[in-house]
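Take a look at the structure below.
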Amino acid sequence: MIQAQKGTKDILPEEVSDWQKMENIAKKVFSKANFKEIRTPIFEATELFARGVGDSTDIVNKEMYTFEKSERSLTLRPENTAGVVRAYIEHGFSRLPQPVKLWYKGPMFRYERPQAGRQRQFHQVGVEMFGSAEPSADAEVINLAVKYLNELGLNDLDIEINSLGCPECRKKYREAIKEVLKPYLKDLCEDCNFRYEKNPLRILDCKVESCKKIFEKEEIQKVILGDFICEDCKEHFDKVKEYLTALNIPYKINKLLVRGLDYYNRTVFEIKSNNLGSQNAVCGGGRYDSLVETLGGVPTPAVGWAMGMERLNSLIEKTADERLDVFVISENLAETFKIIDELRNAGFSAEFDYANRKFKKQIDKAAKTAKYALILMADELKSNTVTLKNLDTSEQINVSRTDYLDKIN
RNA sequence: GCGGGUGUCGUCAAGUGGUUAAGACCUCGGAUUGUGGUUCCGAUAUACAUGGGUUCGAAUCCCAUCAUCCGCCCCA
């Protein structure tokens with residue numbers, strides 16, 4: 001028996017309405033802010049991700065689905081920012097009035113060990129805003145994320161923000177961390193030692209108790225809490241915070257929030273839920289002012305975020321299955337087809353018993369699946385009427401074939 | 001890549017060395033043939049993940065493999 005591949009899932013009929021809800025609300029919320037949907041290909045040149053996402057990241061190093069076809073190296077997209085940036089450049093969006101505001105949804109692929117809230121094929125919905133370096137763009141984008149979540153009925157969320165500063169600030173910060181941690185390296189865990197070389201900013205949110213203890217030391221705390229970002233970056237960050245406050249968006253500053261993709265600078269943020277298990281981030285994003293240039297476009301500041309739709313899905317309230325409007329009960333399939341057609345053309349959902357079983361079976365089925373039973377047996381046919389039964393109230397009326405449609409609601 | 005849990009019918013689930021391997025839901029049929037979702041009766045199935053072992057005997061013990069779940073790493 002061939003099964004769905006590890007880390008992939010079928011979205012079953014009874015789940016589809018939840019996914020449509022996520023998609024419809026996305027469209028509604030984002031278009032109100034004049035964000036336009038963009039759909040980019042599922043696979044791209046491998047190099048796009050190597051350069052865009054960054055080849056020091058795990059995503060690029062060990063999680064990409066890469067394959068060769070006619071001497072090209074292709075990769076199933078592990079995220080969509082790089083693809084959207086590529087499209088922005090390729091179609092000369094820099095000549096459009098800025099900012100250019102885009103949103104997307106769709107499947108992404110990462111080769112990882114599946115666990116709660118993590119699959120190999122998963123779906124993201126995200127927004128990207130190009131061409132504005134203003135802190136108002138950061139705030140707008142965060143605002144949209146919060147709006148979207150609220151519209152989905154999610155209110156109990158932790159919004160964390162941080163500023164990584166510009167490349168210069170970040171370098172200073174990195175050096176300072178390495179400096180202060182150096183004496184403790186031998187006491188830190190293996191992962192921390194690895195991070196020390198690869199991504200020192202990341203080291204501080206280690207979950208190993210013995211490491212955490214070390215980080216509590218005064219001189220380390222001083223570095224963590226110290227302000228390494230330059231005046232410009234600080235001003236930018238202050239503005240973002242000011243706007244969020246004006247928007248009534250409760251946020252927490254998390255100095256340890258770093259994010260794993262190489263392209264971020266200045267504002268980064270995450271939205272978390274406590275109901276997700278260990279993969280608790282439902283949204284992550286930030287500013288990426290150098291990515292467009294890195295990928296060969298004219299220098300263009302940008303900011304955006306992505307949400308994991310599977311994680312969203314596990315948080316939202318499940319929608320109940322829609323009941324059928326009308327179930328037609330009859331012993332004459334030719335007549336049934338006529339009336340079914342009328343019903344459907346009038347906008348009602350309608351079904352009947354293809355096997356033309358006995359009356360009792362049919363009404364049984366109707367009661368289980370529909371709001372109305374429309375009875376069209378010999379008597380009705382003879383008098384050119386139909387019997388319409390409201391299955392909730394058990395009320396039953398006999399109406400003429402010509403105006404029964406008005407009696408359904 | 002590393003660590004841990006779990007694998008019995010479509011679903012849930014009993015069973016811990018000797019059973020025809022319970023039960024429930026779902027599905028289907030019936031309860032004197034035009035009125036239901038409650039009830040009653042009945043039917044259906046190649047269900048013990050796979051392959052090895054231990055044993056007179058294994059769903060039950062051991063090993064391996066696979067799958068799945070949870071955690072680490074990382075991320076949405």
Side-chain angles (χ1 to χ4, degrees), chain A residues 1-9 12 14 22 53 56-63 77-81 105-126 145 149 189-192 194-195 198-199 202-203 205-208 257-261 264 269-273 276-286 304-315 323 327 329-331 355 357-381 387-396 398:
Chain A
M1 180 54 203
I2 298 171
Q3 299 176 297
Q5 290 304 289
K6 184 191 286 237
T8 69
K9 275 204 171 78
L12 299 171
E14 66 261 28
M22 290 191 282
V53 179
S56 78
T57 61
D58 276 7
I59 291 181
V60 170
N61 276 324
K62 38 186 222 197
E63 296 176 1
R77 61 184 188 192
E79 56 98 58
N80 206 28
T81 298
K105 63 173 194 311
M108 310 292 159
F109 306 84
R110 293 182 198 172
Y111 185 79
E112 300 181 90
R113 274 289 275 277
Q115 63 182 76
R118 168 182 303 165
Q119 289 173 227
R120 290 182 173 180
Q121 177 175 172
F122 62 105
H123 297 77
Q124 287 188 328
V125 55
L149 293 166
C189 71
E190 203 179 319
D191 283 333
C192 278
F194 182 67
R195 291 190 198 103
K198 202 183 85 171
N199 193 348
R202 180 120 243 154
I203 208 167
D205 62 359
C206 183
K207 286 160 196 93
V208 177
L257 179 59
V258 166
R259 306 209 42 77
L261 284 64
Y264 288 116
F269 57 92
E270 269 182 18
I271 302 178
K272 295 177 178 170
S273 163
L276 278 174
S278 99
Q279 311 303 322
N280 63 353
V282 70
C283 173
W305 52 254
M307 293 195 198
M309 294 178 80
E310 278 77 6
R311 293 181 191 179
L312 274 182
N313 189 227
S314 67
L315 292 173
R323 251 191 324 167
F327 193 95
I329 297 170
S330 158
E331 52 196 354
R357 274 173 291 196
K358 60 211 275 190
F359 187 89
K360 178 131 181 176
K361 287 291 164 198
Q362 294 195 34
I363 196 148
D364 198 56
K365 178 90 173 177
K368 282 182 182 159
T369 58
K371 298 176 195 159
Y372 286 91
L374 190 153
I375 301 168
L376 187 65
M377 301 290 279
D379 289 352
E380 284 85 0
L381 285 175
T387 298
L388 196 59
K389 175 163 186 167
N390 182 320
L391 291 161
D392 295 323
T393 63
S394 294
E395 280 172 60
Q396 185 167 316
N398 190 253

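Throughout, a chain's letter reflects where its sequence line sits, starting with A, and its residues are numbered from 1.
Applying the salt bridge (charged side-chain N to carboxylate O under 4.0 Å, His left out) test to Arg323(A) and every residue at least two apart in sequence or in another chain returns Asp392(A). Here Ala4(A) pairs with Thr8(A) under the side-chain contact (heavy atoms from CB on, under 4.5 Å) rule; sequence neighbours left out. With sequence neighbours left out, Tyr111(A) forms a ring pair (Phe, Tyr, Trp, His ring centres under 6.0 Å) with Tyr65(A). Qualifying side-chain hydrogen bond (donor to acceptor under 3.5 Å, both in side chains) partners for Glu270(A), counting only residues two or more places apart in sequence or in other chains: Arg259(A). With sequence neighbours excluded, the residues that form a side-chain contact (heavy atoms from CB on, under 4.5 Å) with Gln115(A) are Arg118(A), Ser278(A), Gln279(A). Taking the side-chain contact (heavy atoms from CB on, under 4.5 Å) definition, one finds that Pro107(A) meets it with Ile42(A), Arg77(A), Phe109(A), Gln121(A), His123(A), sequence neighbours left out. In terms of the side-chain contact (heavy atoms from CB on, under 4.5 Å) criterion, residue partners of Asn398(A) (sequence neighbours excluded) are, by chain and number, Glu380(A), Thr385(A), Thr387(A).
Comparing the C1' positions of A45(B) and G37(B) gives a spacing of 27 Å, expressed to the nearest Å. Atom name C1', nucleotides C48(B) and U60(B): the rounded distance is 10 Å, in whole Å. Using C1' as the reference atom, G4(B) and U39(B) are 48 Å apart when rounded to the nearest Å. Here the separation of A49(B) from C9(B), taken at their P atoms, is 8 Å to the nearest Å. Comparing C25(B) with C61(B), their C1' atoms sit 33 Å apart, to the nearest whole Å. The separation of G30(B) from U35(B), taken at their P atoms, amounts to 15 Å, rounded to a whole angstrom. Rounded to whole Å, the separation between the P atoms of U32(B) and A58(B) comes to 50 Å. Rounded to whole Å, the P atom of U50(B) lies 36 Å from the corresponding atom of U38(B).
Among pairs with a residue in residues 361-371 of chain A, those fulfilling salt bridge (Lys or Arg N to Asp or Glu O under 4.0 Å) read Asp325(A)-Lys371(A), Asp364(A)-Lys368(A), at least two apart in sequence or across chains.
Between Ile271(A) and Ala145(A) the shortest heavy-atom distance is CD1-CB, 4.0 Å. Here the closest non-hydrogen pair linking Ser314(A) and Leu276(A) is OG-CD2, 3.2 Å. Of all the heavy atoms in Ile329(A) and Ile363(A), the pair that sits closest is CD1-CA, 3.5 Å. The minimum heavy-atom distance between Tyr264(A) and Gly284(A), with the atom names listed, is OH-O, 4.3 Å.
Between the CG atom of Leu257(A) and the C1' atom of C74(B) there is a distance of 14 Å, given to the nearest Å. One can place OH of Tyr111(A) at 15 Å from C1' of C74(B), the figure rounded to the nearest angstrom. A straight line from CD of Glu79(A) to P of C75(B) spans 12 Å, rounded to a whole angstrom. The distance between atom CG of Asn61(A) and atom C1' of C75(B), rounded to the nearest whole Å, is 14 Å. Atom CZ in Arg110(A) sits about 14 Å away from atom P in C74(B), given to the nearest Å. Taking atom CZ of residue Arg118(A) and atom C1' of nucleotide C2(B), one finds them 13 Å apart after rounding to whole Å.
Glu112(A) comes within 4.0 angstrom of a base, heavy atoms only.
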Practice problem: For nucleotides 28-46 of chain B, just jot down a letter per nucleotide in 5' to 3' order: B, S or -, based on protein non-hydrogen atoms under 4.0 Å. | Solution: SSSS--BBBB---------
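Annotation: of the two residues near RNA chain B, Lys62(A) and Tyr264(A), the 5′-most nearest-nucleotide partner is Lys62(A).
Annotation: side chain of Leu312(A) is in contact with side chain of Leu149(A) (closest heavy-atom distance under 4.5 Å). Counting heavy atoms from C-beta outward, Gln119(A) and Glu310(A) have side chains that approach closer than 4.5 Å.
Consecutive Watson-Crick or G-U pairing (both distances under 3.5 Å) extending over three or more pairs maps onto RNA chain B as B:1-7 with B:66-72, B:10-12 with B:23-25, B:27-31 with B:39-43, B:49-53 with B:61-65.
In this structure, Glu395(A) CD and Tyr372(A) OH are separated by 9.0 Å, a value rounded to the nearest 0.5 Å.
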Pick out the pairs of N or O atoms, protein on one side and nucleotides 6-11 of chain B on the other, that lie under 3.5 Å.
none

Between the protein and nucleotides 68-71 of chain B, list the N/O to N/O atom pairs that are separated by less than 3.5 angstrom.
| unit_1 | atom_1 | unit_2 | atom_2 | d |
| --- | --- | --- | --- | --- |
| C70(B) | OP2 | Ala116(A) | N | 2.6 |
| G71(B) | OP1 | Ser278(A) | N | 3.0 |

